[in-house]
Amino acid sequence: MRQRFMDSFRRDPNIHATPKGVIGADGKVFDVESAAAATAESPLARKLKGRHLQMIAIGGSIGTGLFVGSGSALANGGPASLLIAFMLIGIMLYCTVHALGEMAVLFPVAGSFSAYSTRFLDPAWGFAMGWNYAMQWLVVLPLEIVAATLTIDFWNKGRINNDAWVAIFLVLIVAINLFGVKGYGEAEFVFSIIKVVAVIGFIILGIILNCGGGPEGGYIGGRYWKDPGAFNHGFKGLCSVFVTAAFAFAGTELVGLAAAETANPRKSLPTAIKQVFWRITLFYIVSLTLVGLLVPYTEPRLLNGSSSADATASPFVIAIQNAGIGGLPSVMNVVIMIAVLSVGNSSVYGSSRTLAALAEQRQAPRMFAYIDRKGRPLVGIAVASVLGLLAFLAGSSKEKEAFNWMLAISGLSSIFTWASICLAHIRFRKGWRVQGHSLDELAFRSQPGVIGSWVGFILNMLVLVAQFWTGFAPIGYKQMTSQEIATNFFQVYLAAPIVIVSYLVYKIIYRTPFVRSHNMDLHSGIRELNIQELLAEERAEKAAWPKWKRAYKFFC
């Protein structure tokens with residue numbers, strides 16, 4: 001038993017994130033076709049089930065952005081800005097995940113985000129996006145572990161050194177990922193169920209409180225929309241919420257990355273993609289509508305939080321406290337801590353898989369391509385775990401400065417990733433049409449289509465513009481020194497020059513071509529060979545469904 005356990009960590013010569021012997025870059029010329037083939041038919045362990053993928057889609061990205069970050073967003077923009085911004089970003093994400101779903105069902109490849117950029121846009125941009133995405137998650141792990149220790153302070157009050165909690169949380173997250181993709185899937189399944197139940201519970205409670213059913217409150221209605229008002233800080237307030245909303249949705253795209261490790265992505269992925277619609281509508285829009293009704297934007301506790309995971313600054317906790325309900329704030333703090341651990345768990349998964357795919361395309365050191373006999377990219381997991389040790393800075397006096405700059409490295413990562421997915425889908429559809437294929441050949445078709453991808457791409461660009469504006473001229477900038485303004489700008493926009501420099505350096509060294517529609521590789525990695533026959537069977541089955549089931553399946 002002991003020997004078998006030890007042997008499981010040895011490299012399996014037959015398992016790669018991408019097929020053996022395929023070279024992504026040879027000398028100084030990038031081979032686009034070889035790189036596309038290199039991400040096809042990933043032999044990573046395909047152990048994720050439909051229920052795992054669906055819960056990752058429904059609850060995967062519900063975290064501190066919703067539970068805590070929405071508080072400062074409400075204070076800066078008011079309840080109307082909060083609602084408008086989250087709705088616009090929700091529309092953008094709905095279009096983005098459908099574009100990703102269409103490509104991921106057809107080409108369920110390892111490291112999918114950078115692979116689609118390499119295949120359909122430009123290999124240099126694929127390199128920049130791969131490292132951009134890997135760095136985002138590598139940095140997020142220590143940040144989230146520190147955030148988890150701060151949620152413990154809700155009860156601990158500093159009696160036990162934070163580094164003790166750092167060690168516990170780091171070991172827990174690494175242990176989950178050492179169980180392989182199934183460990184990640186089961187953990188996210190449980191975490192997501194807890195988060196979903198918590199949000200649904202808050203929605204029911206929020207409706208009761210708004211109608212006057214709380215122990216200390218009368219009817220509230222739309223009182224806070226009139227006094228202090230629906231908007232704060234005008235258009236700039238809306239733009240600042242726009243940026244917060246975008247970061248609150250970070251991680252939504254992980255459902256596409258998990259496609260390569262799903263037993264049957266053609267069946268389970270479309271269902272998971274469609275359920276993103278319900279998460280956006282129910283968990284974000286409805287819950288934040290109630291937050292805006294229950295908490296005025298002038299509430300001083302909204303901006304007094306010590307960190308992005310400080311439960312005392314959560315509008316969800318404040319709404320419960322204002323109603324005079326004891327005990328529930330501690331319950332919400334437990335949910336916030338679980339959400340933080342969930343993001344930390346996803347960070348190890350996302351970074352290790354992306355690094356393995358980059359290594360197989362020769363866009364990262366080859367050691368990252370090490371995959372053991374249980375299908376675990378061990379070197380990637382090890383590197384993520386070592387960087388997680390940075391969380392021990394939680395006991396340092398320089399903690400805040402260190403983590404602000406670490407966060408800056410990945411600050412715009414999700415925006416670049418989502419914009420690249422939308423643009424890759426636009427280019428894929430053009431190549432699909434130019435090479436004589438029809439939409440009927442697609443196993444899953446994006447509901448908003450190419451128009452939706454254009455909408456998603458444009459909205460992502462608008463977020464970048466809004467981030468630039470609120471970066472160099474933040475709310476209250478007239479009271480700030482020039483050094484504070486410069487520091488604020490680089491802390492929110494540092495990721496952009498890093499991505500641009502990565503792209504230009506790689507393009508100059510390897511002279512990568514822009515991928516043209518007529519010579520796009522549309523064959524490597526298509527999972528199903530008899531797709532026409534399978535689609536015909538499915539359409540015949542759907543034709544026999546009653547109307548209610550057809551309507552349900554359209555959205556779910």
Side-chain angles (χ1 to χ4, degrees), residues 24-32 35 111 113-143 243 246-247 250 253 347 350-351 354-368 380 383-384 387 390 401-424 427 457 460-472 485-515:
D26 183 16
K28 292 202 173 188
V29 180
F30 195 95
D31 185 346
V32 183
F113 315 123
S114 60
Y116 297 143
S117 293
T118 296
R119 184 185 285 227
F120 302 128
L121 299 175
D122 181 348
W125 188 248
F127 169 81
M129 284 301 95
W131 276 103
N132 165 64
Y133 197 73
M135 283 192 346
Q136 173 195 2
W137 287 118
L138 287 170
V139 168
V140 160
L141 178 60
L143 287 170
V243 172
F247 296 135
E253 72 289 336
S347 69
S351 59
T354 305
L355 287 170
L358 284 169
E360 290 287 4
Q361 294 180 83
R362 300 289 172 90
Q363 292 179 329
R366 289 288 293 168
M367 65 177 181
F368 289 118
V383 168
L387 285 174
L390 289 171
E401 292 85 347
F403 285 100
N404 279 342
W405 285 108
M406 283 170 62
L407 190 59
I409 293 172
S410 65
L412 293 173
S413 177
S414 292
I415 309 301
F416 282 113
T417 298
W418 297 335
S420 296
I421 289 168
C422 291
L423 194 57
R427 293 293 304 142
F457 180 73
N460 273 296
M461 292 298 103
L462 289 176
V463 171
L464 285 178
V465 172
Q467 179 75 318
F468 187 85
W469 184 36
T470 56
F472 81 82
I485 292 173
T487 301
N488 179 78
F489 175 76
F490 282 108
Q491 282 184 347
V492 298
Y493 229 78
L494 183 63
I498 290 175
V499 167
I500 292 166
V501 168
S502 300
Y503 170 70
L504 291 176
V505 168
Y506 199 85
K507 191 161 187 70
I508 290 167
I509 292 174
Y510 290 106
R511 299 193 294 273
T512 58
F514 294 107
V515 180

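Between the side chain of Trp137 and the backbone N or O of Ala384, no donor-acceptor pair lies under 3.5 Å. With hydrogens and angles ignored, the 3.5 Å screen pairs a side-chain donor or acceptor of Ser413 with a backbone N or O of Asn132.
Contact between Met461 and Ala419 at its shortest, heavy atoms only, is CE-CB, 3.8 Å. Scanning all heavy atoms of the two residues, the minimum distance from Ala359 to Arg366 falls at O-NH1, 3.3 Å. Counting all heavy atoms, side chain and backbone alike, Gly126 lies closest to Ser114 at O-CB, 3.2 Å. When all heavy atoms of Trp418 and Glu253 are compared, the pair lying nearest together is NE1-OE1, 2.9 Å. When all heavy atoms are compared, the tightest approach of Ser347 to Leu141 is OG-CB, 3.4 Å. Residues Leu358 and Gly130 share a closest heavy-atom pair of CD1-C, 3.5 Å.
Note that the CD atom of Gln363 and the OG1 atom of Thr118 stand 4.5 Å from one another [nearest 0.5 Å]. Remark: Arg427 CZ to Arg119 CZ distance equals 14.5 Å, nearest 0.5 Å. Interatomic distance, CG of Leu464 versus CZ of Phe416, reported as 5.5 Å (0.5 Å rounding). How far OH of Tyr133 is from CE of Met135: 14.0 Å, rounded to the nearest 0.5 Å. Interatomic distance, Thr417 OG1 to Leu412 CG, rounded to the nearest 0.5 Å: 10.5 Å. Note that the CH2 atom of Trp131 and the CG atom of Leu138 stand 8.0 Å from one another [nearest 0.5 Å].
In this structure Val465 satisfies the side chain to side chain contact (heavy atoms under 4.5 Å, CB included) test with no other residue, sequence neighbours excluded. In this structure Phe489 satisfies the side chain to side chain contact (heavy atoms under 4.5 Å, CB included) test together with Phe468, Phe472, Tyr493, sequence neighbours excluded. Not counting sequence neighbours, the partners of Asp122 by the side chain to side chain contact (heavy atoms under 4.5 Å, CB included) test are Ala124, Trp125, Tyr503, Lys507, Thr512, Phe514.
Between Leu121 and Leu423, the closest side-chain pair of non-hydrogen atoms falls below 4.5 Å.
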